[in-house]
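To keep things clear, I will list the structure first and then write my remarks on it.
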Amino acid sequence: MNAQAQARGQGGSVLKSTGALLGFLLLTFCAPALGAFSMPGAWYATLNKPSWNPPAWIFGPVWTLLYLSMAIAAWGVWRQGGWKLQSRALRLYGVQLVLNAIWTPLFFGLHLPGWAFVEILLLLTAVVATTRAFWRTSRFAGALLVPYVLWVSFASVLNGSLWWLNRG
């Protein structure tokens, strides 16, 4: 292959990879976009909260960084063979993303912290499974999801506490 043909091939590859990264960013940030219609409001303000409940301002920056790292991790796995070779790991990613999108409307929109607690435990299970699948493909991609596992673990305990403190 001559140098020009090789450069064209690499350019197409870079373009495809950049498009995939943008696609994973768009897909990943759809989860919080769906939840934007169910934000904390007066109902949440009236709940009894544990003393270790984080301040409201911390959730936006933390979730933004988590969603960004999730998208980069998924893109990194995709780069290791595309959908064909990474279908299991990427399907797990999709499942956890759907579960992630469901939690906010369930908790804040429908005011169902008990059901949200059940749902977040399913989410945590899916996130751990996704992290393990990503780790097997790319340690870097798996490592990018570790903060997500830790945050969803914390959020699960917080959700359970909020449900317990406000039951009945």
Side-chain angles (χ1 to χ4, degrees), residues 1 5-40 52 54-108 115-161:
M1 178 184 288
Q6 189 175 8
R8 279 192 306 272
Q10 288 174 345
S13 176
V14 168
L15 187 60
K16 183 177 179 182
S17 184
T18 302
L21 175 58
L22 293 174
F24 279 112
L25 286 165
L26 181 64
L27 175 68
T28 302
F29 277 92
C30 279
L34 294 173
F37 298 104
S38 304
M39 297 307 294
W52 45 271
W57 64 265
I58 203 155
F59 290 95
V62 167
W63 275 111
T64 300
L65 290 173
L66 290 173
Y67 286 122
L68 183 59
S69 66
M70 290 162 55
I72 293 169
W75 173 68
V77 167
W78 173 85
R79 291 188 60 198
Q80 302 301 314
W83 295 103
K84 186 175 183 177
L85 290 178
Q86 300 305 331
S87 63
R88 180 182 179 278
L90 294 172
R91 276 195 314 269
L92 283 169
Y93 183 76
V95 167
Q96 70 78 30
L97 204 54
V98 168
L99 289 168
N100 181 302
I102 291 170
W103 185 87
T104 300
L106 196 58
F107 187 90
F108 291 116
W115 284 108
F117 180 57
V118 170
E119 196 277 345
I120 203 169
L121 294 176
L122 294 172
L123 170 60
L124 179 58
T125 302
V127 171
V128 169
T130 304
T131 303
R132 289 183 61 174
F134 277 26
W135 189 273
R136 283 192 286 271
T137 300
S138 162
R139 286 202 166 127
F140 181 69
L144 282 172
L145 292 186
V146 170
Y148 183 36
V149 171
L150 296 173
W151 185 260
V152 173
S153 298
F154 169 75
S156 298
V157 174
L158 179 58
N159 185 158
S161 297

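Remember, predicted model here, so these are calculated numbers, not experimental data.
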With heavy-atom distances below 4.5 Å as the criterion, would you say the side chains of [X] and [Y] are in contact?
X: Phe154; Y: Val62; answer: no
X: Trp63; Y: Tyr148; answer: yes
X: Leu123; Y: Ile102; answer: no
X: Leu21; Y: Trp78; answer: no
X: Val157; Y: Trp52; answer: yes
X: Gln96; Y: Leu92; answer: no
X: Arg136; Y: Arg88; answer: yes

*How about Ser17 and Trp75: does a side-chain donor come under 3.5 Å of a side-chain acceptor?*
yes

*Distance-only polar pair, side chains of Thr28 and Tyr93, donor-acceptor under 3.5 Å*: yes

_With a 6.0 Å cut-off on the ring centroids, do Phe108 and Trp103 count as close?_
yes

*asked:* Once ring-ring contact (aromatic ring centres under 6.0 Å, His included) is applied, do any residues pair with Phe59, and if so which ones, sequence neighbours excluded?
replied: Trp151

Atom of [X], atom of [Y] and distance for their closest heavy-atom approach:
X: Val95; Y: Ala126; value: CG1-CB, 4.4 Å
X: Pro54; Y: Leu158; value: CD-CD2, 4.0 Å
X: Ala89; Y: Val77; value: CB-CG1, 4.1 Å
X: Gly82; Y: Leu90; value: O-CD1, 4.3 Å
X: Val149; Y: Thr131; value: CG2-OG1, 3.3 Å

_Trace of the side-chain contact (heavy atoms from CB on, under 4.5 Å) decision for Ile72 with Leu68_ = CA-CA 6 Å; Ile72 293 169; Leu68 183 59; 4.1 Å; yes

Roughly how far, to the nearest 0.5 Å, is the [atom2] atom of [Y] from the [atom1] atom of [X]?
X: Thr130; Y: Leu99; atom1: OG1; atom2: CG; result: 9.0 Å
X: Ser138; Y: Leu145; atom1: OG; atom2: CG; result: 9.5 Å
X: Ser156; Y: Leu121; atom1: OG; atom2: CG; result: 5.0 Å
X: Leu122; Y: Asn100; atom1: CG; atom2: CG; result: 13.0 Å
X: Met70; Y: Leu144; atom1: CE; atom2: CG; result: 11.5 Å
X: Leu22; Y: Thr18; atom1: CG; atom2: OG1; result: 7.0 Å

*Is the count of non-hydrogen atoms from other residues, nucleotides or ligands lying under 6.0 Å from Trp57 atom CH2 greater than 12?*
no

_Which residues share a side-chain hydrogen bond (donor to acceptor under 3.5 Å, both in side chains) with Arg91, sequence neighbours left out_ = Ser87

